[in-house]
Amino acid sequence: MVTPRSAQWYRGTDRNAYIHRAWMRRGLPPHAFDGRPHIAIANTASDLTPCNAHLDEVGRSVANGVYEAGGIPLDLPTVSLGETQVRPTAMLWRNLAAMTIEEMLRANPIDGVVLLGGCDKTIPALLMAAASVNLPAVVVPGGPMLTGTFRGAPLGCGTDVWRLSEDVRAGTLSQAEFLQSESSMIRSKGHCNTMGTASTMGLLAEVLGMTLPGVAGTPASDSRLLEAAHVTGSLAVELVATDRRPDAVMTRASFLNAIVALAALGGSTNAVVHLLAIAGRLGVDLTLDDFDRVGSGVPLLVDLQPAGRFLMDDLYRAGGLHAVLREVRHLLDPAALTVTGRPLLDHVGEARIHDPDVIRTFREPLREDAGIAVLHGNLAPDGAVVKPAAASPHLLRHRGPAVVFDSVEDLHARIDDPDLDVTADSVLILRGCGPKGYPGMPEVANLPLPSKLLAEGVRDMVRVCDGRMSGTAYGTVVLHVAPEAAAGGPLARVRTGDMIVLDVAARRLDVDVPASELAAREPAAAAVRAFARPDRGWQRLYVETVRQADTGADLDFLIGSSGDGVPRESH
């Protein structure tokens, strides 16, 4: 029998073992230290992360399952990132959260971990940490909120915020009506109920094999989530007993399956940077171009906002993730395993579509070839991404003059200027919003349309940015342009009036300027002045070491795994 990792703290009669046990003897009986597995419950609950506020309750169910299976559950509060609350962007701290969780898992006397997350960056950070320390681990996604309603119609959080706020700016919805919808949108506990980043990463955590099969997508208010949490606690004890670790589950096959699922679900573009970062921690060979090669031809099967009509509790009642996976099972690698030790496809089994309006069949999809498209060209030498399923088809091939904004502040100052030289054919460009430039790569790429064009009925334009957009957002938006302007990318040298050429079918994003002229230009002075220059703390470390979006925007010294080695004695 393998000696539990925690025994290296607790086993023995010397002074140090005494100290480690004694300080934990606040209710734990002597047999808690007899070699049974100690399971951390890494919990991202926080009142300032509203989507995760219910995870304390979920954690109690996990603890019951751990104890029932003969383990010792241990609550481990972790860094929590509230997407809607923290400034300048939660993405700035995703890597910090991953690093702190990794270090606490390694530093403490634990044998395995259950990871509780929900809000956008929490599940990616937890998976990055688990990959780096490689202790037996399993995820419980916190689940989406229930559908809110306003004046008898369903409201999708996020997506309808963008829609309603543009209606106010267009003069078709009053400010009072807009504010009335505020208390109707967020109906229950849980994360966004659209196919935004939180929903996407919860579902993809299951496709990666890192959850109890069938749990992803369970609404936060559904009692079945607590049941699954209990079972997951027991499973964590089994993972330790069988020494089943993340690197045996999250293989290249698992990541390629996640790319297929991302397309079929109409998932968030933010999943690209998260999957790349998680793969980087594992040493899995995954590139930006894999998303196009594997996923671009996959049809969209799920009719959910922002690409469709319905919301996450509709997906759950319609058959859920397994019904979707069954439709694309011929595209999935059957060798990819889950935390159960069995292949993912074994768990899909006889899943069925119960509402064909919500989940379409592979033969009759919502949209053909709907996966993430990866663009290259002289404006994005290292790549950029666009989500055709959320774009306007007539704009996927477009040529128009650039209207350039050098910062978010510049955008807000000028976008509604009646004298702004802009038409529906213009291409709006926002720069200085990449990992280094902002810092943190915020969700600002779905920049608002000029109010004078909204008044004319325009509802979409081509937009290009080195930042990200919310997974709940929509529109013909080219994102994650790499290298970013602040890292010397050509976006810094584009000028208002330059002709921008977008051709998604050809996978091109170019500025129609001779190469010699573009290279000779100096970066725009106003853009350079706006780039972030933090002088201390995490932001300085981040800006000095963060990599570009095309590799996952992780820190250069965090790539790879450090394992679960027990540190030197503390006394």
Side-chain angles (χ1 to χ4, degrees), residues 6 24 26-28 32 36-83 97-98 100-105 107-130 133 135-145 188-191 198 201-202 205-206 210-240 246 339:
S6 57
M24 294 294 288
R26 305 178 193 219
L28 286 178
R36 63 191 63 205
H38 285 228
I39 307 295
I41 302 172
N43 186 358
T44 55
S46 168
D47 287 343
L48 287 168
T49 305
C51 301
N52 292 17
H54 65 297
L55 291 181
D56 285 335
E57 180 185 19
V58 175
R60 287 192 290 272
S61 290
V62 171
N64 290 339
V66 170
Y67 205 79
E68 181 182 59
I72 304 299
L74 301 158
D75 186 44
L76 179 64
T78 65
V79 174
S80 188
L81 300 174
E83 188 68 36
T100 57
I101 296 164
E102 172 191 348
E103 297 297 342
M104 289 301 97
L105 294 180
N108 277 293
I110 60 171
D111 305 298
V113 59
V114 179
L115 309 163
L116 306 186
C119 193
D120 294 16
K121 305 305 176 294
T122 55
I123 286 182
L126 289 163
L127 285 172
M128 290 165 70
V133 73
L135 279 169
V138 59
V139 174
V140 180
M145 67 182 72
S188 76
K189 58 182 132 182
H191 60 64
M201 292 309 301
E206 177 160 337
M210 290 298 293
T211 76
L212 181 75
V215 67
T218 304
S221 297
D222 196 310
S223 61
R224 286 167 289 188
L225 178 62
L226 300 181
E227 176 187 350
H230 185 111
V231 177
T232 299
S234 297
L235 176 59
V237 176
E238 177 190 325
L239 293 179
V240 173
V339 284

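What's counted below: heavy atoms across the whole structure, side chains too, no hydrogens, waters or symmetry copies.
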Calculate, to the nearest 0.5 Å, the distance between atoms [atom1] and [atom2] belonging to [X] and [Y] respectively.
{"X": "Met210", "Y": "Leu127", "atom1": "CE", "atom2": "CG", "answer": "6.0 Å"}
{"X": "Met24", "Y": "His38", "atom1": "CE", "atom2": "NE2", "answer": "7.0 Å"}
{"X": "Ser6", "Y": "Asn108", "atom1": "OG", "atom2": "CG", "answer": "11.0 Å"}
{"X": "Arg60", "Y": "Ile41", "atom1": "CZ", "atom2": "CD1", "answer": "11.0 Å"}
{"X": "Leu116", "Y": "Ile123", "atom1": "CG", "atom2": "CD1", "answer": "9.5 Å"}
{"X": "Leu81", "Y": "Cys119", "atom1": "CG", "atom2": "SG", "answer": "8.0 Å"}

query = Stepwise, does the side chain to side chain contact (heavy atoms under 4.5 Å, CB included) test hold for Thr232 with Val215?
reply = CA-CA 10 Å; Thr232 299; Val215 67; 5.7 Å; no

Side chain to side chain contact (heavy atoms under 4.5 Å, CB included) between Thr49 and Thr44, worked out = CA-CA 8 Å; Thr49 305; Thr44 55; over 6 Å; no

Residue pair [X] / [Y]: nearest heavy atoms and the distance that separates them:
{"X": "Ala42", "Y": "Val113", "value": "CB-CG2, 3.9 Å"}
{"X": "Gly142", "Y": "Ala220", "value": "O-CB, 3.3 Å"}
{"X": "Pro73", "Y": "Val66", "value": "N-CG1, 3.6 Å"}
{"X": "Ile110", "Y": "Ala40", "value": "CD1-CB, 3.7 Å"}
{"X": "Ala137", "Y": "Leu239", "value": "O-CD1, 3.5 Å"}
{"X": "Gly118", "Y": "Ala198", "value": "O-CB, 3.3 Å"}

Tell me whether [X] contacts the main-chain N or O of [Y] through its side chain, where contact means a donor paired with an acceptor under 3.5 Å.
{"X": "Asn52", "Y": "Gly117", "answer": "no"}
{"X": "Glu206", "Y": "Ala216", "answer": "yes"}
{"X": "Asp222", "Y": "Arg224", "answer": "yes"}
{"X": "Ser234", "Y": "Gly65", "answer": "yes"}

Determine whether [X] and [Y] make a side-chain contact, defined as any pair of heavy atoms from C-beta on separated by less than 4.5 Å.
{"X": "Val114", "Y": "Leu235", "answer": "no"}
{"X": "Leu226", "Y": "Val58", "answer": "yes"}
{"X": "Leu212", "Y": "Val138", "answer": "no"}
{"X": "Asp111", "Y": "Leu135", "answer": "no"}
{"X": "Leu126", "Y": "Val139", "answer": "no"}
{"X": "Arg36", "Y": "Ile72", "answer": "yes"}
{"X": "Thr100", "Y": "Thr78", "answer": "no"}

Distance-only side-chain donor-acceptor flag, His230 / Glu68, under 3.5 Å = yes

request  = Determine, stepwise, if the pair Val133 / Ile101 fulfils side chain to side chain contact (heavy atoms under 4.5 Å, CB included).
outcome  = CA-CA 9 Å; Val133 73; Ile101 296 164; over 6 Å; no

